[in-house]
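Report on one structure; see the data block that follows.
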Amino acid sequence: MTVWYSVRDLDAARRFYRDKLGFTEMHFDAGERWSRLERGGMEIALTVGDPQQDGAVAHVDVDDVKAEAERLRAEGVAVGVVLELHGEMRLLEVADPDGNRIELGQDVSNVR
C-alpha cells in the first residue's frame, strides 16, 4: 500500500522525508513531478499539488517514539504529544512542511 501526499514544493518534501524521517527514496520522476519513498515497509508517494489536510495518514513503525519525538522537536519539526494506548502502543503525530500527517508508532506490549 502506498499513501499519496500532495505537496507544494517537491524537493523540500523529498528532503524532509529522507533527512528528517529516515525514508529512502525509491523513485524520482522530475518530468512527472513525483517521488516514491519507503521506510520499514511503509511507502509514501509525493506529488505536486494542493495538500489535502483530511487525507490519508501513513503509519511508520519506529523503535522508540519518545526518542523520535525529542529528535524531531530539536530539529524544528511540528510534532504532537506522545500518546500511549494502555501499554500496547505509543503513537506520535508528525506534520510535514505542507501539513500532511504521518503517525509514528511503537509496540510497547512487550516492554515492562
Side-chain angles (χ1 to χ4, degrees):
M1 173 185 214
T2 302
V3 175
W4 282 82
Y5 289 134
S6 294
V7 297
R8 291 180 193 92
D9 183 333
L10 182 58
D11 290 331
R14 291 170 58 222
R15 282 190 304 274
F16 175 82
Y17 282 92
R18 286 188 322 246
D19 300 347
K20 303 287 186 191
L21 295 184
F23 279 76
T24 299
E25 189 166 51
M26 307 304 287
H27 181 80
F28 172 63
D29 187 326
E32 295 293 322
R33 300 176 12 176
W34 71 278
S35 173
R36 183 172 51 88
L37 302 105
E38 187 273 336
R39 178 178 174 184
M42 172 51 69
E43 286 191 9
I44 291 177
L46 305 172
T47 187
V48 175
D50 292 327
Q52 303 297 313
Q53 304 306 318
D54 58 352
V57 178
H59 175 90
V60 178
D61 291 321
V62 298
D63 292 332
D64 187 337
V65 164
K66 290 180 180 181
E68 286 290 314
E70 288 178 24
R71 180 184 67 78
L72 291 168
R73 280 188 191 104
E75 294 184 24
V77 175
V79 300
V81 296
V82 174
L83 300 175
E84 185 156 343
L85 303 176
H86 307 291
E88 294 296 320
M89 289 286 296
R90 284 191 188 126
L91 300 170
L92 175 69
E93 189 171 291
V94 178
D96 76 8
D98 288 293
N100 294 303
R101 296 172 19 227
I102 304 97
E103 179 182 78
L104 303 182
Q106 175 189 1
D107 180 353
V108 294
S109 61
N110 296 329
V111 177
R112 299 288 173 219

Let me have the donor-acceptor pairs involving side chains of residues 43-50, under 3.5 Å, with sequence neighbours excluded, atom names and distances please.
residue: Glu43; atom: OE1; partner: Thr2; partner atom: OG1; Å: 3.0

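- Minimum interatomic distance between Arg14 and Leu37 (heavy atoms only, all atoms of both residues): O-CD2, 4.4 Å.
- Under a 3.5 Å cut-off, the side chain of Glu93 and the backbone N or O of Glu103 do not form any donor-acceptor pair.
- Between Leu92 and Gly80 the shortest heavy-atom distance is CD1-O, 3.3 Å.
- Put simply, OG on Ser35 and CG on Asp11 are 9.5 Å apart, with the number rounded to the nearest 0.5 Å.
- Criterion: ILVMFWY side-chain heavy atoms under 4.5 Å apart, direct or through other members. Under it, Val82 and Val79 are part of a common hydrophobic cluster.
- Annotation for Ala95 and Phe16: closest pair O-CZ, 3.8 Å, computed over non-hydrogen atoms.
- Legend: residues meeting side-chain contact (heavy atoms from CB on, under 4.5 Å) with Asp61, ordered by chain and number and at least two apart, are His59.
- We find the CG-CD distance between Asp107 and Glu88 to be 7.0 Å, quoted to the nearest 0.5 Å.
- The two residues Gly99 and Gln53 make their nearest non-hydrogen contact at O-OE1, 3.0 Å.
- Residue pairs that meet the salt bridge (Lys or Arg N to Asp or Glu O under 4.0 Å) test with at least one member in residues 75-86, sequence neighbours left out, are Lys20-Glu75, Arg71-Glu75, Glu84-Arg90.
- In the hydrophobic cluster analysis, where Ile, Leu, Val, Met, Phe, Trp and Tyr join through side-chain heavy atoms closer than 4.5 angstrom, Val62 is grouped together with Leu72.
- Listed for the Arg39 side chain is a donor-acceptor partner under 3.5 Å among the backbone atoms of Leu21.
- Note on Val3: it does not cluster hydrophobically with Trp34, by side-chain heavy-atom contacts below 4.5 Å among ILVMFWY residues.
- Here the CG-CG distance, from Leu104 to Asp64, works out to 11.0 Å after rounding to the nearest 0.5 Å.
- Heavy atoms only, all atoms of each residue included: Met42 and Ala58 are closest at SD-CB, 3.9 Å.
- Closest of all the heavy-atom pairs between Asp98 and Arg8 is OD1-NH1, 2.8 Å.
- Contact check for Val94 versus Val60: no side-chain heavy atoms found under the 4.5 Å cut-off.
- Within 6.0 Å of CZ in Arg73 there are more than 12 heavy atoms belonging to other residues, nucleotides or ligands.
- A perpendicular orientation is assigned to the rings of Phe23 and Tyr17, their planes being inclined by more than 60° (bins at 30° and 60°).
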